[in-house]
Protein chains: 2
Amino acid sequence: MSVPTNPRAVTRADVARYAGVSTSVVSYVVHDGPRPVAAETAARVREAIRVLGYRPNASAQALRTGSSKMLGLIVPELDNPFWSELAVAVTHAAAARGYDVLIANSDGDAQQERERLRTLSARQVDGIIVTSIMTHPDLSSTTDPGIPMVLLNTFFEVPEYASIGVDALRGAREGTQHLIDHGYREIGLVMGHTGSMELREQGWMQALRAAGLPDGPIVRCSFDRAGGYEAGLRMFDGGAGPRAVFVSSDLQAVGLLRALYELGLRAPDDVAVVSFDGVAEADYTNPQLTVVRQPVEAMAAAAVDRVLAREDPDAHHLDLVPAELVLGASCGCDVRR
Amino acid sequence: MSVPTNPRAVTRADVARYAGVSTSVVSYVVHDGPRPVAAETAARVREAIRVLGYRPNASAQALRTGSSKMLGLIVPELDNPFWSELAVAVTHAAAARGYDVLIANSDGDAQQERERLRTLSARQVDGIIVTSIMTHPDLSSTTDPGIPMVLLNTFFEVPEYASIGVDALRGAREGTQHLIDHGYREIGLVMGHTGSMELREQGWMQALRAAGLPDGPIVRCSFDRAGGYEAGLRMFDGGAGPRAVFVSSDLQAVGLLRALYELGLRAPDDVAVVSFDGVAEADYTNPQLTVVRQPVEAMAAAAVDRVLAREDPDAHHLDLVPAELVLGASCGCDVRR
DNA sequence: CTGAAAGCGCTTACAG
DNA sequence: CTGAAAGCGCTTACAG
């Protein structure tokens, strides 16, 4: 009946001893089942749990039940705002369903991605949400086939996996259309290098052609601030360049704004800008970016729901979530949000 | 001798059967010990592991050995760039030592922080690195006393815990001194609300007084972009305000730059700015921010080393890591980095 | 060099 | 309503 003073963690055996019951009863009380427990006994057990500070050992539970109540999440770079915002959204969606999230960073490297997949699998996560840098991630042979997996931020069907992504084609079309609505006739494109983003390029092009406008200039660059900066210098140096640009990510737009700043050009007066993503950073650029916002929370919730739905009626399913145009000042609107 | 086709995960028993050895030998081969194994037997086991795709069940290992090879990391907001950059640094430092990191988000809430601490503890992490929003985090009663814990981003001694933080006092002094060196005589302070940051305020003040300058105006605000924006409006609206400002975080400086932009003021021509932290975002503001950079990698490595050093010779230890002044253009230097 | 056995902490079907 | 027992997959001291 005394509180143990050794540093070893408290186990249900300690609780059982303290409460004067069997270890089974401790479990019944902790889980409120599957066997009934007399009210008075339960109260004694709860008191023991409180006094001793008992928490069930998650490893033992995972081993016994086969479920770790953890979800794995693979992101390319956790220090990229889009991924960190998505990771937070996944964490919240998972928490709402009683799951912790084990976040693994692949550092944008395909080999590390595979390795992280393996360690998540070894850690017995109940499901894995993968946001891959690869257009067609090679996932098949790397994980326990018993672990459900969904692809998040994927814009096309991947055989054997459910995938969830924003409707990038339509989002890009609407973002470009907004620039057209402002009256700009020449609209360039700053586009990141990657097959999976082609839909943004197609959306931009569709909008232009539907309006009977010529294709604007395209500059391709890496998917970060530095890339956008270089693209901006290439597109606008020497006074050339289009009157407006659609940019494939907010971070690239941030780099583009730097290039314009250095070139002595002003947005939106000299160059109007609309970009894709809608991260928090885009709210505080000067001018504030008009963005095609990815509905990060909805995407995360859909991914968690999907990976937890063990039945998996249609593995080929592609779930396209609509993006939303959020007006700022960079397009010429001068809305304040 | 056939590959199992059921979806159940492969266990060492499957490997043993396939290789025609006992399960002990499988362990000996996997861990290269503690008993020797004949070269030919080992080769057969390795082949079986490869063919079957075996990976040891981490839950079972954790239960058996008492070590999960996971470190817990608590951050207030993972979608704040400073915390996400720190989280990545911790992940890298931990990976270099064979540890995965379980990242837990407290959403800046003290109660959630305690709850996350408990779940990390229940998950049998081998150590916890806490970056608390609280000046004096109440950690004592919430975790298994057997789990080592260090405080990261803490600038003062906390009884019973090792803590690691940047030398904020000196960093702030040097950042302010740099503005003084530029010749500014009136230097304001934009300061976040929190006791633990007072050192930045003291550093700013020390620099001013050492130079025989009067204290500049102080505006206090929340520790984010919105806070910096409001502080900027308050400090500079109506044409008033100091010629230079030291800002307690990059994000607040981003908000301040927005306020200046809206007020038609230019940095550094009208107002020079130096801020604290050195996140990636600060590289791409217009103008580029001059920052007192926190050595995130060094801090993360120190925290991981400390939490993994089980001996713990001096729990009261406070490890202060020096910050580094990184020049940009917002102070008036016009260095490009 | 190899294998049988105990035990980490837990859950749950089974017996009472 | 309560408890004794099996077993999840692993590691490792012990015996051979």
Side-chain angles (χ1 to χ4, degrees), chain A residues 4 6-45 48-49 52-69 121-126 144 146-147, chain B residues 4 6-45 48-49 52-70 121-126 144 146:
Chain A
N6 65 339
R8 199 181 48 70
V10 178
T11 73
R12 90 218 172 297
D14 300 315
V15 175
R17 201 174 309 118
Y18 187 93
V21 298
S22 74
T23 59
S24 310
V25 170
V26 176
S27 273
Y28 301 154
V29 170
V30 167
H31 297 101
D32 202 19
R35 300 286 99 206
V37 175
E40 201 213 317
T41 312
R44 228 167 50 242
V45 171
I49 288 173
L52 301 176
Y54 168 70
R55 294 223 99 194
N57 178 319
S59 298
Q61 286 183 312
L63 177 59
R64 174 59 224 235
T65 64
S67 164
S68 62
K69 286 291 192 178
S121 170
R123 290 210 181 275
Q124 311 298 116
V125 295
D126 293 345
D144 188 325
I147 300 183
Chain B
N6 67 336
R8 199 182 47 71
V10 177
T11 73
R12 89 216 172 297
D14 301 315
V15 175
R17 202 174 308 119
Y18 187 94
V21 298
S22 75
T23 59
S24 311
V25 171
V26 176
S27 273
Y28 301 154
V29 171
V30 167
H31 297 100
D32 202 18
R35 300 286 100 206
V37 176
E40 201 213 317
T41 312
R44 226 164 55 236
V45 171
I49 289 173
L52 301 176
Y54 170 69
R55 294 223 98 194
N57 179 321
S59 298
Q61 286 182 312
L63 177 59
R64 174 59 222 237
T65 64
S67 164
S68 63
K69 287 292 193 175
M70 285 201 297
S121 171
R123 290 210 181 275
Q124 311 297 115
V125 295
D126 293 344
D144 188 327

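All values below were derived from every heavy atom in this structure, side-chain atoms included, with hydrogens, water molecules and symmetry-related copies excluded. First the proteins, then the strands, lettered A, B, ... as listed; each starts at 1.
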What is the distance from [atom1] of [X] to [atom2] of [N], rounded to the nearest Å?
X	N	atom1	atom2	answer
A/Lys69	C/dC10	NZ	P	17 Å
A/Arg12	D/dG3	CZ	C1'	12 Å
A/Asp14	C/dC8	CG	C1'	13 Å
A/Asp32	D/dC1	CG	P	12 Å
B/Asn57	C/dC8	CG	P	18 Å
B/Arg55	D/dG9	CZ	P	17 Å
B/Gln124	C/dG9	CD	P	9 Å
B/Ile49	D/dC10	CD1	C1'	13 Å

Pairwise side-chain contact, A/Thr41 with A/Val21, heavy-atom cut-off 4.5 Å (strictly under): yes
A/Val15 and A/Val45, any side-chain heavy atoms less than 4.5 Å apart: yes
Distance-minimising heavy-atom pair for A/Ala122 and B/Pro56: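 Scanning both residues, the minimum pair turns out to be CB-O, 3.8 Å.
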Closest approach of B/Ala62 to B/Ser68 (non-hydrogen atoms, all atoms of both residues):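 Answer, listing the atom of B/Ala62 first, then B/Ser68: CB-CA, 3.8 Å.
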Quick check for you: to the nearest 0.5 Å, what is the distance between [X] atom [atom1] and [Y] atom [atom2]?
X	Y	atom1	atom2	value
A/Asp32	A/Ser27	CG	OG	12.5 Å
A/Arg64	B/Leu63	CZ	CG	12.5 Å
B/Asp126	B/Gln124	CG	CD	9.0 Å
B/Met70	A/Arg123	CE	CZ	5.0 Å

Sugar-phosphate, base or nothing in reach of B/Ser27, heavy atoms under 4.0 Å: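 Base: the residue B/Ser27, judged by heavy atoms under 4.0 Å, touches a nucleobase.
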Touch class at under 4.0 angstrom, heavy-atom based, for A/Pro36 against every strand present: base
Of the candidate nucleotides [options], which contains the atom at the shortest distance from the side chain of [X]?
X	options	result
A/Val37	C/dG9, D/dT2, D/dC10	D/dT2
A/Val21	D/dG3, D/dC10, C/dT11	D/dG3
A/Arg64	D/dG3, C/dC10, D/dT12	C/dC10

DNA chain C base-pair string [pairs: Watson-Crick or G-U under 3.5 Å; |: paired with another strand]: |||.||||||||.|||
Residue whose closest nucleotide on DNA chain C lies nearer the 5' end, A/His31 versus B/Val25: B/Val25
Side-chain N or O of B/Thr41 closer than 4.0 Å to phosphate OP1/OP2 of C/dT2: yes
Short side-chain N/O contact to D/dG9 OP1/OP2 from B/Gln61, under 4.0 Å: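 B/Gln61 to D/dG9 OP1/OP2: no side-chain N or O under 4.0 Å.
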Check: protein-nucleotides 13-16 of chain D nitrogen or oxygen pairs below 3.5 Å:
| from | atom 1 | to | atom 2 | distance (Å) |
| --- | --- | --- | --- | --- |
| D/dA13 | N6 | B/Tyr28 | OH | 2.6 |

Partners passing side-chain contact (heavy atoms from CB on, under 4.5 Å) against A/Arg12 (at least two apart in sequence or in another chain): A/Thr23, A/Val26, A/Tyr54
